Amino acid sequence: DWSSDVCSSDLLAGYLGGPPLIKYLVEKNATEALGRKVTLGSAQFRPFELAATLNDLTIFEPDGKTPMLTLGEVEANTSAASIWHLAPVVDFLHVDRLSVHVVRNADGRMSFADIQERFAAQPPKPADSKPARFSVSNIAVSNSSFVYDDKLLDTVQRVENFTLTLPFLSNLPHDVAINTRPSLFAKINGTPLALEGTSQPFSDSHQTDLNFNLDGLQVAKYMAFAPKLKDAQVKGGLVDTRLKVGFRQEKDKQDLYVS
């Protein structure tokens, strides 16, 4: 996994060579992995805390000038438990001011298709390879936004004020049955969305229970994605929801509950 390799080498660089070497290696390794220009404003590493902060990360479009993704700051504190688990154990992860701009061109090709193709061309992992293990606590994403510009359907969708908190996420064997409690707030094209609940994403059952609240969704904004109506046209309308959604999987059986 290129991202884990980049993180490991950059943390080692921070210990041996300091922030300038981290900055150089992040830009070099990410640019080579993605096939896109990647720049980093600055980096800080605190070796005695096993903590690092990256500022002003940008991934550009193929023209090398237009940002596809910008990241104001990401801060991570790792744990010494990573040594005996032989897997990354992160005590704190905060992502701030993440901004992503995705375009579907008029021919239907996504703006990140070249990155997908680059990864798809890599040699496949052995069939018996095990997933990379990890454990991350105190996850927070704040002040973030996403824009989807659909040239094919001539519509733009915006997610703003995106905030996510996740106390715990781990696929270490002794952690998979522990409930994590995600909480999310965002504005979808100006409509407030709130989500909270419990989940076991890496257990065999994938049991998940969520409360899904939506206030004043503008229906007409999404009709471009729906099948065309023969004898009617939707010009307006608002939708409010207070949904409870549950999911559970048992062997070949999957149950979905909505109330």
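Note that this is a predicted model, so its numbers are computed, not measured. Quick note: residue numbers are just sequence positions, from 1. No hydrogens, no waters, no symmetry mates; every other heavy atom, side chains included, goes into these values.
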* Asked: For D56, which residues count as a salt bridge (charged side-chain N to carboxylate O under 4.0 Å, His left out) partner, sequence neighbours excluded?
  -> none
* Asked: With sequence neighbours left out, what residues match S111 under side chain to side chain contact (heavy atoms under 4.5 Å, CB included)?
  -> E61, V102, V103
* Results of salt bridge (charged side-chain N to carboxylate O under 4.0 Å, His left out) for K221 - residues two or more places apart only -> none
* Enumerate the residue pairs fulfilling ring pair (Phe, Tyr, Trp, His ring centres under 6.0 Å) with a member in residues 127-160, sequence neighbours excluded, ordered by first and then second residue. => F134-F202, F146-F162
* List for me each residue that meets salt bridge (charged side-chain N to carboxylate O under 4.0 Å, His left out) alongside D255, sequence neighbours excluded, and say none if there are none. => K253
* Which pairs pass salt bridge (Lys or Arg N to Asp or Glu O under 4.0 Å) with one or both residues in residues 200-219, sequence neighbours excluded? -> D215-R242
* Scan residues 146-157 for pairs that pass salt bridge (Lys or Arg N to Asp or Glu O under 4.0 Å), counting only residues two or more places apart or in two chains. => R104-D150, D149-K151
* Does atom OH of Y24 have more than 12 heavy-atom neighbours, drawn from other residues, nucleotides or ligands, at distances under 6.0 Å? -> no
* Tell me who clusters with L152, hydrophobic residues only, linked when side chains sit under 4.5 Å apart either directly or through other members. => none
* Asked: Would you say the side-chain atoms of D91 and N77 include a donor-acceptor pair closer than 3.5 Å?
  -> no
* Excluding sequence neighbours, so at least two apart, what forms side chain to side chain donor-acceptor pair (under 3.5 Å) with E196? -> none
* **With sequence neighbours excluded, residues passing side chain to side chain donor-acceptor pair (under 3.5 Å) with Q116** => none
* Among pairs that include at least one residue of residues 72-84, which meet salt bridge (Lys or Arg N to Asp or Glu O under 4.0 Å), considering only residues two or more places apart or in two chains? -> R46-E75
* Exam field: side chain E27 to backbone L40, donor-acceptor pair closer than 3.5 Å -> yes
* Pairs flagged by side chain to side chain donor-acceptor pair (under 3.5 Å) wherever residues 176-190 is involved - sequence neighbours left out -> Q157-N189, N179-Q200, N189-Y222
